[in-house]
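Here the structure comes first, spelled out in C-alpha cells, and everything after it is commentary.
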Amino acid sequence: MAASTTTGDFKVIGTRPIRPDGVDKVTGRAKFGADYAFPGMLHGKVLRSPHAHAIIKSIKIDKALKLPGVKAIVTSKDLPDAENMLEQSGELTVNPMHLSMNILAHDKVLYDGHAIAAVAATSPHIAEEALRLIEVEYEVLPPVMTVEAATKPGAPILLKDLRNNEEGDKPTNVAQHYQFKRGDVAAGFKAADYVVEREFNTAMVHQGYIEPHNAVGIYNSDGQATIYCSTQGAFDVRSLSAHVLGMPVGKIKVVPAEIGGGFGGKTTIYLEPLSVLLSKKTGAPVKLVMSRAEVLRASGPTPGAKIKVKMGATRDGKLVAAEIWMAYQAGAFPGSPVAAGALCIIAPYTVENFQIDAYDVVVNRPKTASYRAPGTTQAAFASETVIDELAEKCGIDPIDFRIKNAVKEGAPQIMGPPFKRIGFIQTCEAIKNSAHYKSKLTGKFRGRGVASGFWFNAGMQSSAMVNIHTDGTASVVTGSPDIGGSRASMAMIAAEVLGLPVTDVRPITADTDSIGHTDVTAGSRVTFATGMAVYEAAKDAVRQLIERAAKVWEKKPDEVEFRDGILHAKGDGVPPISIKQLAPRFPRTGGPITGRASVNARGVGPGFATTVVDVEVDPDTGKVQILRCTIAQDAGKAIHPSYVEGQMQGGTAQGIGWALNEEYFYDDKGTLRNTGFLDYRIPTCLDLPMIETIIVEEPNPGHPLGVRGVGEVSIVPPVAAVANAIYRAVGVRMTQTPMSPPKLLKAILKHRGATTTQHSAAAD
Amino acid sequence: MHAINYDAPTTLDQAVSILKTHGENARPFCGGTDIIIQLRAGVRRTEHLVDVKKIKELQVLSFDAKKGLRLGAAVPCIEISESDVMRRHYPGLTEAAHLIGSLQIQNRASVGGNLCNGSPAADTTPALIVLGARARIVGPNGEREVPVEAFVVSPGRTVLKPGELLVELLVPAPAPHSSDAYLRFIPRNEMDIAVVGVGAAVTLDGDKVKAARIALAAVGPTPILASKAADAIIGMKLDDAALEAAGRAASAACSPIDDMRGTAEFRLHITAVLTRRVLSIAAERAKKN
C-alpha cells in the first residue's frame with residue numbers, strides 16, 4: 001500500500017462498519033468507572049466547601065471518625081508538599097502545587113464545592129453521614145466572581161503567591177498577559193472604511209458529560225497503587241497523581257474504564273489521588289463517585305470570558321485591522337485557555353494588522369479544564385459576530401466575505417509560520433453550495449446566520465501495537481481512551497494496512513503498564529497521532545510478515561510482496577499465501593508477530609468548520625427555536641465517516657446549548673445555584689433539528705492517510721452562527737451568552753423601544 | 001443520601017396511623033420524583049417514607065357528568081394524559097399533567113404529589129385551581145376539604161398537618177360552553193420546570209365571557225388565583241383589549257423573584273403574554289362545548 005496518499009482506493013477506510021465497542025454499550029455490559037467493584041471495597045465521599053472564598057481556620061474530624069463504619073478520613077495534611085512549578089502534561093501546563101490545592105484545599109477554600117476532606121466508610125450512606133460530622137471553621141472572605149471584580153484595585157487576592165509576567169512582586173489575580181501582534185494596527189484602521197467595535201461577555205459553561213467522575217484506588221502494602229477510573233488520559237492520571245501523592249510514576253498503574261463523555265473535562269484529576277490515599281490508610285480498595293452536583297460545582301468547566309473586538313474593513317470587504325482584548329476566568333487557579341482563544345480568534349482570516357491582548361485571571365470559581373477547542377468558542381462568538389456585521393456594512397454575503405478574507409496555503413498563522421494545505425475556503429464553499437444555504441427562509445421572526453471556526457488540533461505522543469494472532473486475525477493495542485469512536489478508526493487503519501476485514505481486527509485501550517506512553521485523548525489527536533502510530537505498527541507487522549514468508553520460501557525479503565493481505569513471491573510460480581495461511585508457521589520462523597510503533601506526531605493539520613443555522617424567535621418571550629443547521633468541516637480524510645459526522649453533530653449540539661441556555665449561575669455569595677441538569681440546561685433532543693453534515697476532505701500532507709483531527713472545531717462556530725441568525729430574525733445583536741429568553745427578550749424590548757422612539761422622533 | 005425507613009400501607013387507616021406515629025419525621029410519598037431528589041440533595045430530610053401508591057382510594061380516577069371528577073392523589077400523570085375522558089372534559093388539566101417531566105416521569109409522578117410537594121411552580125396546581133378543585137384530606141382527626149388555591153401555604157409547605165394525607169381531588173363537572181387550558185414557559189422544549197405557568201378556565205355566554213378563573217405558577221411564593229385578571233374579562237368579548245387587560249391584571253397579581261430561571265421583570269412580562277395566549281385557547285375550546 002502506498003504511503004502518503006489519500007486518493008488511493010481504500011477497502012476499509014471511508015466505510016462505516018459497526019463500532020467494536022457498540023454491543024457492550026447497548027447491552028449494558030460495558031464497564032464504566034463506577035461499575036468497578038472489589039472484595040472488601042470501601043466507599044468514599046468528599047466534604048466540600050459551602051463558601052466561595054474562605055480561610056480554613058480548623059478541621060475537626062474526631063466525631064466523624066467515631067461513627068461506626070467510618071474507616072479513614074483524609075485532609076490536605078495527608079498530602080505531601082507539591083512543587084510550585086510548571087510542567088507540561090499532555091496538552092496541559094500543570095503546577096503540581098495548585099493541583100494539590102485543588103484536590104484538597106490547603107489553607108483556603110477558593111470556590112463553592114472546593115474539596116476539603118474525604119471519608120472512606122463501609123457504605124456510601126455512612127460516608128455521607130460522616131461528612132455531616134466533620135467540623136470546619138471558616139473565616140469567610142468576599143467572593144471574587146468576575147474578571148472585573150478580580151482586576152479592580154484593592155480586589156481580594158485569591159492566591160498569595162501568584163505573580164505575573166508584568167507586575168513584579170505585586171500580589172495579583174492576573175496570572176498571565178499574552179500579547180500577539182503584527183503590522184501597524186493604527187494604520188490598518190486608518191485604511192478601513194468600516195470599523196465595528198463591540199464588547200462580549202460569555203458565561204462559564206460545563207462540558208455536560210453524562211458520566212460523573214469516578215475512581216477506585218487500590219494501594220498495596222508493597223507500595224504499588226492501581227487506579228481504575230474513567231479518564232481521557234490514563235498516563236496523565238498517572239503522572240498527575242504521582243505529583244500529588246509524592247509517588248514515583250512507576251509505582252502507579254492506571255486502568256482506563258469505558259468513558260461516558262469527556263469533551264476535555266476528563267483530562268485532569270479530582271478523585272484519583274483521594275482513592276489512593278484512602279486506600280493506603282485503610283488497606284482496602286476505595287471507590288469514589290461524584291454526584292451531578294459535585295461534577296458541576298467542582299470539576300472543570302470552561303471559562304466565562306470578556307472580549308472586546310474592534311475590526312476594520314475596506315469598502316470592498318477586505319479586513320485590514322483587528323484590535324482585541326480578552327480576559328478569561330481561569331477559575332481558582334491559573335490556566336485558562338485564553339492564549340488558545342487569542343491564537344484562534346482571527347485565525348481563519350488574513351489580517352495584516354492586529355494586536356491581541358489576552359489575560360488569564362483567577363476568580364472564585366472551579367478551576368477550568370479543557371472543553372472542545374478550549375477557549376475558542378468564546379473567542380469566535382466575538383470575532384464572528386463582528387465579521388458578520390462588517391460583511392453587512394460592506395453589503396457582501398457573509399460567506400463571500402469570509403471567502404474573500406480566508407487564509408489559504410502559505411498564509412502566515414498568527415504565530416508566523418505559514419499554513420500548509422488547509423480546507424477553510426472549501427468549508428465555506430460547501431455551505432454556500434449546500435441545499436440548506438440555497439433554500440429560501442421564509443416566515444416572520446426567522447433568520448439565518450453563518451459563522452466559521454478554526455482549531456489547531458494536536459499531535460503529541462502515542463504508542464501502538466498490532467498483534468497477529470495464531471489464526472491470522474489481529475488486535476490493535478493503544479493507550480488512547482476512546483471518547484468518540486476512535487477504536488473503530490484504529491481497527492480500520494490496521495485492517496486497511498494488513499488487508500484484513502475490519503471484523504478480524506480487535507482494538508483495545510490498554511492500561512499504563514501494557515502499552516508505551518500515550519498522551520491524553522484531547523486536541524482531536526487520537527485518529528491523527530495514535531492513528532499514525534497504528535499505521536506504523538501495522539506497517540511494522542507487514543514488514544515482519546514479509547520476512548517470515550521470505551523465510552518459508554527461502555527468499556530474500558525484497559523478493560516478497562504484500563498486497564491486500566496476501567503475500568506473493570516475485571517471479572516464479574510459488575502460490576501466494578494469506579496471513580491466515582502464514583500464521584501457523586510463526587512458531588518455527590521466529591515466534592509471534594507484534595508490530596510496534598511509538599510516535600511524537602508532527603505534521604498536525606488544523607481544522608476548519610463553517611456552520612449555517614436558521615432560527616425562529618418568539619418576539620414575545622425571547623425563546624429561540626433552531627429550525628435547521630448544517631455544518632461543513634474539513635476532516636482531511638474521514639476514516640469512519642459516521643463518527644466524523646458524530647463529532648460534527650456533537651460539537652454543534654453543544655455549541656447550540658452554549659448559545660441558548662447553558663450557564664453557571666452563581667448567587668451574590670458565590671454559591672452555584674444550578675447544580676443539576678434541570679437548571680443547567682443542555683439541549684434535549686426536542687430542542688435540536690437533525691444536524692446536517694458535509695465532510696470536506698482536504699488531505700493533511702503531514703499524515704500518511706491525510707487525517708486531520710475532527711473532534712473539536714465543530715463547537716467553534718455555532719454560538720456566533722446563532723447570534724447572527726437571531727440578528728437577522730429580530731434585528732438585535734446579542735453580545736452575551738447565553739442568549740436565553742430573559743436576555744433576548746430584554747434586548748428585543750429595548751430594540752423595539754428604540755425603534756418606536758426613532759419612529760416617533762421622525763414623526764415629530 | 002442517608003438510610004431511610006420505608007412503609008407501604010394498603011389502607012387509609014394504616015397510612016394515617018403510621019404517619020401519626022412518626023409525626024414530623026415521616027412523609028408520604030408517591031412517585032418520588034420530587035422527594036427522592038430533595039433527599040439526595042439534602043434540601044429535605046426525613047427518616048420515614050410512607051408509600052401511598054398501594055392505597056386504593058388514592059388510585060381512583062372516575063368522571064361523572066353531574067358529579068364531576070374524582071382524582072385519587074396517587075393516580076400517575078400518564079393515566080390522565082392518556083385518558084380520552086380527561087382530554088375531553090378537562091383539557092387544561094390534561095395538558096398540565098402531560099407537561100411534567102418526561103413520559104418516564106409521568107408514569108411515576110401524580111397530580112396529588114405535584115400539589116403536596118408545595119412548589120409554586122407545579123404545573124398541575126394552577127390547572128386544578130381554575131377548575132375549582134377541592135382537596136379531600138384525611139388525618140387522625142377525621143376528614144376535611146380544602147380548596148386547592150388554599151392548599152399551598154409557602155414554598156414547599158402545605159396545609160397538611162403531621163399525620164394527614166391527601167386522598168383525592170374533587171373537580172366539579174364542567175359547565176356548558178366552558179373549557180380550560182394551561183400553558184407554561186420553559187427555556188427548552190421539554191424536561192423543564194415552569195418559569196411561568198398560567199391556567200385558565202372560561203365559560204362563555206355567546207361571544208361574551210360569563211365566568212372565568214385564571215391561576216398562575218412560579219410567579220409568587222405559592223400558586224396564585226388571579227381573581228382580578230378573571231374579573232377583567234367577565235361580561236366582555238375576548239378581543240385584544242380584553243386580553244391585554246387580563247394580561248396586565250395577571251401581571252399585577254404576581255410577586256415574582258429574580259432567580260436562575262428568570263428575572264422578576266421577565267416573569268411579569270411572560271405572565272401577561274401567557275395569560276393572553278391561554279385565555280384564547282380556553283375560549284376557542286369553550287366555543288366548541
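This is a predicted model, so every value here is computed, not measured. Naming: A, B, ... by sequence-line order, numbering from 1 per chain.
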### Task
Keeping the roles fixed (side chain from B:His269, backbone from A:Asp620), state whether a donor-acceptor pair exists under 3.5 Å.
yes

### Message
Please rank A:Thr675, A:Thr621, A:Asn661 by heavy-atom pairs under 4.5 Å with chain B and give me the top one.
### Response
A:Thr621

### Query
At a heavy-atom separation under 4.5 Å, does B:Arg277 approach chain A through its side chain, its backbone, both, or neither?
side chain

### Engaged part of B:Ile186 at the chain A interface, taking heavy atoms whose separation is under 4.5 Å
both

## Note on the structure
Nearest heavy-atom approach of A:Leu678 to B:Ile193 is CD1-N, 3.9 Å

### Query
Got a second to check how far A:Lys623's NZ is from B:Ile270's CD1, nearest 0.5 Å?
10.0 Å

### Query
Nearest 0.5 Å, what's the CG-OG1 distance between A:Leu745 and B:Thr263?
8.5 Å

### Query
So with a 6.0 Å cut-off around NE2 of B:His98, is the heavy-atom count from everything else above 12?
no

Please classify the contact between [X] and chain B as side chain, backbone, both or neither, with a heavy-atom cut-off of under 4.5 Å.
X: A:Phe677; answer: backbone
X: A:Leu749; answer: side chain
X: A:Asp679; answer: side chain
X: A:Arg132; answer: side chain

Does some side-chain heavy atom of [Y] sit less than 4.5 Å from a side-chain heavy atom of [X]?
X: B:Pro187; Y: A:Ser740; result: no
X: B:Arg261; Y: A:Pro742; result: no
X: B:Asp192; Y: A:Thr684; result: no

### Candidate list B:Arg188, B:Met260, B:Met191, test side-chain contact (heavy atoms from CB on, under 4.5 Å), partner A:Arg681, passing option
B:Arg188

### Task
Specify which of B:Asp259, B:Val195, B:Asp258, B:Leu274 makes the most heavy-atom pairs with chain A at under 4.5 Å.
B:Asp259

### Query
Would A:Lys746 count as a cation-pi partner of B:Phe266, with NZ or CZ less than 6.0 Å from the six-membered ring centre and within 45° of the ring normal?
no

### Query
Between B:Arg45 and A:Glu129, is there a salt bridge with N-O shorter than 4.0 Å?
yes

